[in-house]
Amino acid sequence: MKSTSLVFGVKQTARSLRQNALMSLASVLTVALSLLVAGLFGLITANLGHIARLAEQQVEVTVFVHDTLPVEAVRTVESQLKALPGVTQVTFVSKDEALARLKAVFANDKDLLAEVEQQNPLYRSFEVRTARPEQIKPTAEAAGKMTGVVKVNYKQEVIEKLFRVTRAIRVSGLAIMVALALAMVMIISNTIRITVFARRREIAIMKLVGATDGFIRWPFVCEGVFLGVVGAGFTSLALWSSYSWAWSGVQRGMPFIPLLPKQPLLLDLTVLILGAGALIGAIGSALSLRRFLRV
Amino acid sequence: MKSTSLVFGVKQTARSLRQNALMSLASVLTVALSLLVAGLFGLITANLGHIARLAEQQVEVTVFVHDTLPVEAVRTVESQLKALPGVTQVTFVSKDEALARLKAVFANDKDLLAEVEQQNPLYRSFEVRTARPEQIKPTAEAAGKMTGVVKVNYKQEVIEKLFRVTRAIRVSGLAIMVALALAMVMIISNTIRITVFARRREIAIMKLVGATDGFIRWPFVCEGVFLGVVGAGFTSLALWSSYSWAWSGVQRGMPFIPLLPKQPLLLDLTVLILGAGALIGAIGSALSLRRFLRV
Amino acid sequence: MIELVDVTKVYPNDVVALKNVNLKIDRGEFVFVVGPSGAGKSTLVRLLYREEVATRGQVIVHGKNVARLRRSSIPLLRRTIGVIFQDFKLLPDRNALDNVAFALEVTEASRREIRRRVPAVLDLVGLKDRARAFPHELSGGEQQRLAIARAIINGPSILVADEPTGNLDPDTSWGIMNLLQTLNRNGATVIMATHAKAIVNAMKKRVVAMDHGRIIRDQVQGVYAHEVN
Amino acid sequence: MIELVDVTKVYPNDVVALKNVNLKIDRGEFVFVVGPSGAGKSTLVRLLYREEVATRGQVIVHGKNVARLRRSSIPLLRRTIGVIFQDFKLLPDRNALDNVAFALEVTEASRREIRRRVPAVLDLVGLKDRARAFPHELSGGEQQRLAIARAIINGPSILVADEPTGNLDPDTSWGIMNLLQTLNRNGATVIMATHAKAIVNAMKKRVVAMDHGRIIRDQVQGVYAHEVN
Ligand SMILES: Nc1ncnc2c1ncn2[C@@H]1O[C@H](COP(=O)(O)OP(=O)(O)OP(=O)(O)O)[C@@H](O)[C@H]1O
Ligand SMILES: Nc1ncnc2c1ncn2[C@@H]1O[C@H](COP(=O)(O)OP(=O)(O)OP(=O)(O)O)[C@@H](O)[C@H]1O
Ligand SMILES: [Mg+2]
Ligand SMILES: [Mg+2]
């Protein structure tokens, strides 16, 4: 491609955008809105996934050790626990600390607490966390067989509920994201198809005057990329500001909900969206053109 | 409008759809996808709202009564509680039942339980539910002042967290829904605008031959309604089957998640979507035409 | 019937297409408008059916100033004026039959009426065989004849023909001219912008000659040009 | 240079536009193609630059069967053939200058070349003043001249003109004819479909007369028609 046709391509893109301002605007808007919807749900899915992961990581096995077990043996249990596959964190809870926690939970139940406080019936324990939720059960079983361990606690039912819910969130979130992304790609390429269709006579004329397919395609692809990128730009701005807004809102009002930090999330998403916009614009234009180039 | 132009309108719509098959298909697809996205998130928002409402209704005030209070006095407390504004449910919990519940919670903590069981330290209580979560606090305060009441429990912090979360879900769900609906209306009307733009020369010719605005508008509006309704039809089918699928999936795998029953939800949504499709199609066409009718 | 009073037309890009034009055409006249390319012939006729509006001056048709017409009355004006556009202006997504029928449909004619008259008019311009063809499937001359058919289907009281024989061979051209003359004899006012010297010279009708937006000659039983050679 | 061997063209809707046409045109000839509306003149010339492909028979241009050309070679063929389309086929979103420049741009001519030649050609057809106007802002004749300018800008070795004077007044028509003749003298083969009897008769060039898809007369130094009257 010689420089003339490059210059021509750019000039032609600019002209076409100007001449078809209304159509261009409509297309940009459609692209922007479509990407916005997809991006928004990308953010939501990412955060739900994050929350689900954190929730899963909260799940722990509590390993109680006998009151009579000497400190060295307790140490042994600790190192055995740490050696188990998948174990990421082992925290020791002393008798006093266990009591303090109980107090916190039953803060209103003074009578019960008074009773318990007289002679602390609570065991020393280890709270064990694993990398992946599936490792909870084997860890609990292994811990149960260690010497000095009285009993092992883990809320099987709750864990399973939690797993099922988080898995459902992940799967459906991803499914919705994919469906949405597909839908949006289709909407954008539909829009491009319609704009190309509206100019099929022009395309035919160009071919009759001796233009090659590539020569005609080039400005259209430029235009597609331009529309895609401008749309994506608007989208990124909107996502950036709305996520920042939601993020500080949640930080202030509901600090217990752990949202993903703004960066690198937003940066990644912006790159993704700009790329998607450009790509859909380019490919959409090129594909839509094909049938009208057969002149 | 005479019958000729009615017949003409329908004929013209059919012709236009046939002649611009590609464009029509693209438009229908865009409408369908847009409505699908909006509808899907309508379903999700409705269910999240439903779950939030149920969660809020789970919140209760526990009113403990003195062990020494005679049964008749307990009855009086019960009827006083029932008479409080907003109270929907009052359940009596006997000493034995309270113990049974404690056992369930501390199932693994045999030592503690044995101790408690020797002399049941638990009070008789009433579990009181209110119609709206804001009524929890006044109810608790009123109950505290009743004779024979030892203390009143309600998890202030949890409740407030819950409220904040459910409110956030409701507000953001609704906001996303509205934004989405707007975005989709814009996408659809953009699509229509582009298709009308593509035929602006035809419209000008019609006017020059002596057609009135109404005469030209009518087939376009018909076409818009047709595109809208067909797109909405596809959408409804897709929503209907995907919700049914998700619903039975959840029923089977996660029965603890309370989803809204399929009917009348889906029926309402279908009516809404068909209406929206037709309306956007009609209004979109009519508005898009305006500037091209000035010939 | 038609009167232009001191009409000037300046297009948005500052092209002065008509300069102080005065013209009066009576009911039932047959007028040729001639002049070199770009003289303002098409602009002149476009004012009559209000495709364009005069920048200055008045255009009076059927006794009314067309610039002052209410928006809703413009279609009514246009239905009384059959126009053969220089560039045909056929509807690309309708076949020949429907293109002609359209001009009747807009007047809310009955379907019987439409079924009766459309084929008759197509026959008149020699397109009976091509009734189902779309404009892009027609030859240049066939498109032109289709445009003519559409213009006359309504029995308009004014017929504006902008270069109606540009794509027609002499024989077909004369056929069309006879048709226009018949319509004229039946009462229609005919205004025809044309370059067809042979036709103008042979017909001996009123000739309005234009150049650079001015009327430079208005002659009863005129000729295409006063030849120098 | 150009040869049609037993060419038949049937359009998709079963219209037989050409029936067993045989024609040979040598390099540098000037040929008029005449005949009534719908005779097949435009179809004939459309085969040359492969807007249409013959249903049967061979169309040979520059020694090659155009039906057999690879897809990528078609643009190269078209660049050697300047076409004045009967319906102009101007690009509606480009002004006059850009419409002409486009035909040079597709050949990847240098920008200097474009800036030099385009205004010159516009001047040649008398459109220097209207260079910035869009097609819809041009009169019918101006559009036609713009189409002519675009066709000749490349210095094509074959010039196909389909009714190039249909919207032009006699003076301008003769100007264009002189232009075509000059190009012809400089080596271009000119094939012109036309109804302009006066021009055909005056030029005394080869005339190919068609009717109903057949060549009914092929005459060196011919006339528009053998008049009966
Ligand atoms: N694309 C097409 N599809 C179907 N039929 C066509 C098509 N193009 C032309 N025809 C038909 O083929 C015949 C020859 O058409 P052509 O355009 O070659 O005529 P022509 O000699 O150029 O006439 P004119 O002088 O009116 O331009 C006509 O009857 C026309 O209706
Ligand atoms: N829409 C427009 N915008 C701007 N200028 C225009 C427009 N239409 C016509 N013109 C210019 O006005 C002048 C008169 O044009 P008009 O179409 O009336 O000429 P004409 O006499 O019909 O010519 P022809 O015989 O070539 O059709 C021309 O110079 C033309 O370029
Ligand atoms: Mg004109
Ligand atoms: Mg032709």
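Order of the sequence lines sets the chain letters (A, B, ...), proteins ahead of strands, with each chain counted from 1. Just so it is clear, the model here is predicted, and its values are computed rather than measured. Because only heavy atoms are used, hydrogens play no part in the values below, and waters and symmetry mates are left out as well, while side chains stay in.
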Neighbourhood of chain D inside residues 202-217 of chain C, taking heavy atoms under 4.5 Å as contact: none
For residues 29-42 of chain C, give me every residue with a non-hydrogen atom less than 4.5 Å from any non-hydrogen atom of chain D. C:Gly35, C:Pro36, C:Ser37, C:Gly38
Proximal component of C:Arg130, with respect to chain D [non-hydrogen, under 4.5 Å]: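 Side chain only.
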Counting only non-hydrogen atoms closer than 4.5 Å, does C:Glu142 touch chain D with its backbone (N, CA, C, O), its side chain (CB onward), both, or neither?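 For C:Glu142, backbone and side chain are both near chain D.
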Heavy-atom pair with the smallest gap, counting every atom of C:Gly140 and D:Gln86: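 Taking C:Gly140 first and D:Gln86 second, the nearest heavy atoms are CA-NE2, 3.6 Å.
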Does the side chain of D:Asp169 come within less than 4.5 Å of C:Tyr224's, by heavy atoms?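 Yes, at least one pair of side-chain atoms sits under 4.5 Å.
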Atom pair [atom1]/[atom2] of [X] and [Y] - distance to nearest 0.5 Å:
X        : Y        : atom1 : atom2 : value
C:Asn167 : D:Asn167 : CG    : CG    : 6.5 Å
C:Glu163 : D:Leu168 : CD    : CG    : 8.5 Å
D:Thr172 : C:His195 : OG1   : NE2   : 7.5 Å
C:Asn13  : D:Glu137 : CG    : CD    : 4.5 Å

Side chain, backbone, both or neither: which part of D:Arg132 has a heavy atom under 4.5 Å from chain C?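 Neither part, no heavy atoms under 4.5 Å.
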